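Heads up, the thing below is written out as structure tokens.
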Amino acid sequence: MHTDRIRNTSLLDRVKEVSEVLDLFQDGMVIASSGFTKAGDSKVILPALAANNTSRPIKITLITGASLGHETDAKLTEAGVLARRMPFQVDKVLRKAINRGDVLFVDQNLSETSEMLLDHHLPEIDIAIIEAAYITAEGGIVPTTSVGNSPIFANKAKKVIIEINTAVRTNVHGLHDIYLPEAYPNRKAIEIFRPNDRIGSAVINVEPEKIAAIVLSHQQDSPADIAVIDDKTAAIAHHLIDFFTEEVKNGRLSKSLRPLQAGIGKVANAVLTGLAESDFEGLTMFSEVLQDSAFDLIDAGKLTFASAASITVSAACYQRVFDNLEKYKDKVVLRPQSISNAPEVIRRLGIIGINTAIEFDIYGNVNSSHIAGTQMMNGIGGSGDFARNAHISIFVTQAASKENKISHVLPMVTHVDHNEHNVDVVVTDVGYADLRGLAPRERALKIIGNCVHPDYKEELQSYFDRAVAEIGGQTPHLLDEAFLWHKRFRENGSMKAR
Ligand code: COA
């Protein structure tokens with residue numbers, strides 16, 4: 001029974017029904033679960049915790065790699081299971097509960113959770129739930145479609161429950177490169193010099209006595225939302241490719257660019273899709289999520305290697321990749337997020353980081369996480385890991401949205417995730433502004449000149465001119481007026497002056 005999936009026969013007697021393990025979970029526990037941008041998440045235990053919460057209500061802290069699929073965060077929220085959640089989420093129901101103050105959300109740089117667990121800056125994990133394709137004869141856990149934080153969870157948790165997902169084929173073995181940096185003061189260099197370097201093992205090692213139970217599931221990951229490329233996202237991609245072309249012309253980049261990181265969302269996907277039709281070739285990725293566009297680029301012969309923490313793709317792309325895994329296996333590696341997002345490696349490889357902003361201001365400060373300065377959207381995710389350490393840090397967003405009632409280029413951002421010192425280039429559907437080497441007053445003129453929607457350009461220029469004339473300084477601002485556009489939006493439903 002299950003011997004192809006549990007090859008270490010001494011573990012066969014740990015197989016249990018989901019209902020038999022629920023009693024292990026107690027009120028106040030810290031639970032960690034695999035799952036990174038919907039990939040490789042807990043398919044049966046976390047949903048069962050939600051479903052069971054009426055008969056025996058508990059509240060937990062839930063730590064994951066990043067977001068979960070199958071509306072699991074929504075189910076856990078609606079059942080009242082979540083007291084505290086970290087480090088990232090994208091769920092509408094959970095987002096509302098966070099913004100009501102019902103769930104405490106710790107919004108973390110995705111490279112940092114592992115570091116904090118390693119050095120005991122976070123409470124100890126009581127139970128880790130880890131999705132696996134199978135357990136090897138030596139007892140190693142073969143992860144599925146993501147690695148995320150699973151290695152540190154398996155290492156640090158008091159107990160581990162393994163969810164063996166039989167919908168994932170066993171040939172995923174070899175797709176992963178598992179490496180955990182040493183705790184301080186014995187930290188060694190992470191010896192990755194190219195995106196395709198492998199430095200670890202193919203499996204997650206766990207002390208067998210910690211494995212409290214093994215449960216079986218048979219369910220694919222939730223598919224990624226299909227990102228439709230519209231006129232705006234196509235225009236953003238076009239401007240970004242113009243920027244790369246100029247860099248090549250000026251001898252600062254070659255046709256293979258530098259290893260690319262692309263954040264989540266429709267814009268990042270459109271940019272990579274745009275590269276498929278460009279002259280660039282021999283591209284590589286050192287990113288955290290591989291979306292459909294990465295596999296399209298591989299198939300187009302443009303992308304030679306892609307490193308990430310997860311594969312999060314549409315249902316059709318999932319079939320294409322996992323039905324033909326042998327074709328992709330020497331071109332893709334999945335790593336722990338403490339490695340895919342390691343500042344040391346990002347800096348060494350000279351990554352080009354492309355992330356999405358909710359809004360940016362005239363000096364290039366970026367808000368990636370909050371609507372109108374107070375309401376959490378998703379979280380900072382990995383954007384901070386990459387923005388701070390990238391060779392070229394790029395942020396993209398539409399110039400205006402909602403029938404142009406919202407401008408995404410503003411006098412001052414309402415929340416700062418990435419400050420002006422970590423932002424090199426900003427791009428909207430109107431154009432791009434290369435801010436490298438520019439002082440704040442020059443940055444403002446470039447951004448207003450190149451990136452703002454026409455409906456807002458005159459007023460933004462007037463704001464800057466008056467700030468220079470009336471207040472002056474290194475970074476001129478009119479503090480009484482800096483958030484006026486958001487005030488107008490709140491009061492009149494539009495940022496425009498009437
Ligand atoms: N007031 C009200 N709504 C606003 C607003 C404002 N001031 N500013 C933006 N919005 C709305 C937009 O109109 C849009 O609304 P819609 O969904 O109803 O169309 C929404 O906020 C933003 O969505 P969209 O532009 O479709 O974003 P996206 O899917 O491209 O995602 C981020 C953009 C920034 C939310 C997303 O990239 C993210 O979460 N980033 C942080 C994490 C990250 O970068 N990780 C990197 C690697 S994983």
Side-chain angles (χ1 to χ4, degrees), residues 36-39 65-67 87-92 95 99 107-111 146 148 224-230 232-233 236-237 260-272 285-291 308-310 312 337 340-341 346 351 353-361 366-388 390 393-415 417-418 422-423 427-429 453 456 483-495:
F36 192 101
T37 54
K38 296 185 184 177
S67 53
F88 188 68
Q89 59 77 42
V90 298
D91 186 87
K92 284 195 184 104
R95 182 181 297 154
N99 289 323
D107 176 21
Q108 270 179 340
N109 292 313
L110 291 186
S111 70
S146 72
D225 303 326
I226 306 278
V228 182
I229 298 175
D230 53 23
K232 280 187 187 171
T233 47
I236 293 170
L260 298 166
Q261 175 260 339
I264 54 167
K266 57 189 181 191
V267 179
N269 209 44
V271 167
L272 290 188
M285 284 184 80
F286 193 84
S287 198
E288 51 187 10
V289 186
L290 299 183
Q291 304 189 85
S310 80
T312 304
Q337 66 204 72
S340 65
N341 289 32
I346 295 167
I351 305 293
I354 307 165
N355 289 291
T356 310
I358 286 176
E359 57 191 21
F360 62 82
D361 68 24
V366 169
N367 169 14
S368 284
S369 59
H370 283 69
I371 300 292
T374 56
Q375 307 295 300
M376 174 53 64
M377 182 76 174
N378 300 329
I380 192 167
S383 57
D385 294 323
F386 285 93
R388 176 71 188 95
S393 170
I394 301 171
F395 279 90
V396 297
T397 185
Q398 44 194 337
S401 68
K402 304 263 157 63
E403 296 159 341
N404 304 330
K405 288 178 184 150
I406 295 173
S407 172
H408 295 260
V409 191
L410 296 154
M412 187 185 260
V413 285
T414 52
H415 177 93
D417 290 295
H418 315 292
N422 298 332
V423 178
V427 189
T428 66
D429 45 309
H453 188 277
Y456 294 92
F483 298 129
L484 179 65
W485 296 13
H486 278 94
K487 187 167 175 279
R488 281 185 201 145
F489 183 75
R490 198 178 60 225
E491 288 169 1
N492 314 324
S494 173
M495 288 188 178

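This one's a predicted model, so the numbers in the text were calculated from it and none came from an experiment. Every number for a ligand or one of its atoms is a count from 1 in the order of the listing.
Looking only at atom types and distance, the side chain of Ser310 has a donor-acceptor partner in the side chain of Thr37 under 3.5 Å away. For the residue pair His486 and Glu491, no side-chain donor N or O sits within less than 3.5 Å of a side-chain acceptor on the partner. Using modelled atom types and a 3.5 Å distance limit, the side chains of Glu359 and Thr414 yield a donor-acceptor pair.
The protein heavy atom nearest to atom 8 (N) of ligand 1 is Ile358 CG2, 3.5 Å. The protein heavy atom nearest to atom 23 (O) of ligand 1 is Met377 CE, 4.1 Å. Residue, atom and distance of the protein heavy atom nearest to atom 43 (C) of ligand 1 are Ile380 O, 3.6 Å. Protein heavy atom in closest approach to atom 17 (O) of ligand 1: Lys402 NZ, 4.7 Å. Looking only at protein heavy atoms, the nearest one to atom 25 (O) of ligand 1 is Gln398 NE2, 3.4 Å. Looking only at heavy atoms of the protein, atom 31 (O) of ligand 1 is closest to Thr356 CG2, 4.4 Å. Closest to atom 29 (O) of ligand 1 among all protein heavy atoms lies Gly265 CA, 4.1 Å. The protein non-hydrogen atom at the shortest distance from atom 7 (N) of ligand 1 is His486 NE2, 3.6 Å.
Between the side chain of Asn99 and the backbone N or O of Met376 there is at least one donor-acceptor pair closer than 3.5 Å. Not one N or O on the side chain of Asp361 forms a donor-acceptor pair closer than 3.5 Å with the backbone of Leu410. One N or O on the side chain of Arg95 and one on the backbone of Met377 form a donor-acceptor pair closer than 3.5 Å.
Of all the heavy atoms of Ser383, the ones lying under 4.0 Å from any atom of ligand 1 are found in both the backbone and the side chain. Contacts with ligand 1 closer than 4.0 Å are made by side-chain heavy atoms of Phe489 only, the backbone lying farther away. At a 4.0 Å heavy-atom cut-off, ligand 1 does not touch His370 at all. With a heavy-atom cut-off of 4.0 Å, Asn378 touches ligand 1 through its side chain alone.
With a 4.5 Å cut-off on side-chain heavy atoms, Glu288 and Leu110 count as touching. In this structure the side chain of Phe386 never reaches within 4.5 angstrom of the side chain of Ser393, judged on heavy atoms. In this structure the side chain of Asn341 never reaches within 4.5 angstrom of the side chain of Gln261, judged on heavy atoms. The shortest distance between side-chain heavy atoms of Asp417 and Val366 does not fall below 4.5 Å.
Every heavy atom of Ser369 sits 4.0 Å or more from the atoms of ligand 1. Residue contact annotation: Gly379 has a non-hydrogen atom under 4.0 Å from ligand 1.
Protein heavy atoms all stay at least 4.0 Å away from atom 27 (O) of ligand 1.
Of all atoms in ligand 1, listed by their number and element, those nearer than 4.0 Å to a heavy atom of Met495 are 7 (N). Counting the atoms of ligand 1 from 1 in the order shown, those under 4.0 Å from a heavy atom of Gly263 are 46 (C), 47 (C). Close contacts of ligand 1 with Gly382, meaning ligand atoms under 4.0 Å from a residue heavy atom, involve 45 (N), 46 (C). Atoms of ligand 1 lying under 4.0 Å from any heavy atom of Ser368, numbered from 1 in the order shown and given with element: 34 (C), 40 (N), 41 (C).
Ion pairing of Asp91 with Lys38 is absent here, as no side-chain N (NZ or NE/NH1/NH2) approaches a carboxylate O to less than 4.0 Å.
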Discussion item. Would Asp107 and Ser369 count as a side-chain contact (heavy atoms from CB on, under 4.5 Å) here? Give the steps.
Written reply: CA-CA 9 Å; Asp107 176 21; Ser369 59; 4.2 Å; yes

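Taking the six-membered ring for Trp and the full ring otherwise, His418 and Phe395 have centroids separated by under 6.0 Å.
For atom 10 (N) of ligand 1, the candidate residues are Ile371, Asn269, Val413; the nearest heavy-atom contact is made by Ile371. The option from Leu410, Ile406, Val396 that lies nearest to atom 3 (N) of ligand 1, judged by heavy atoms, is Ile406.
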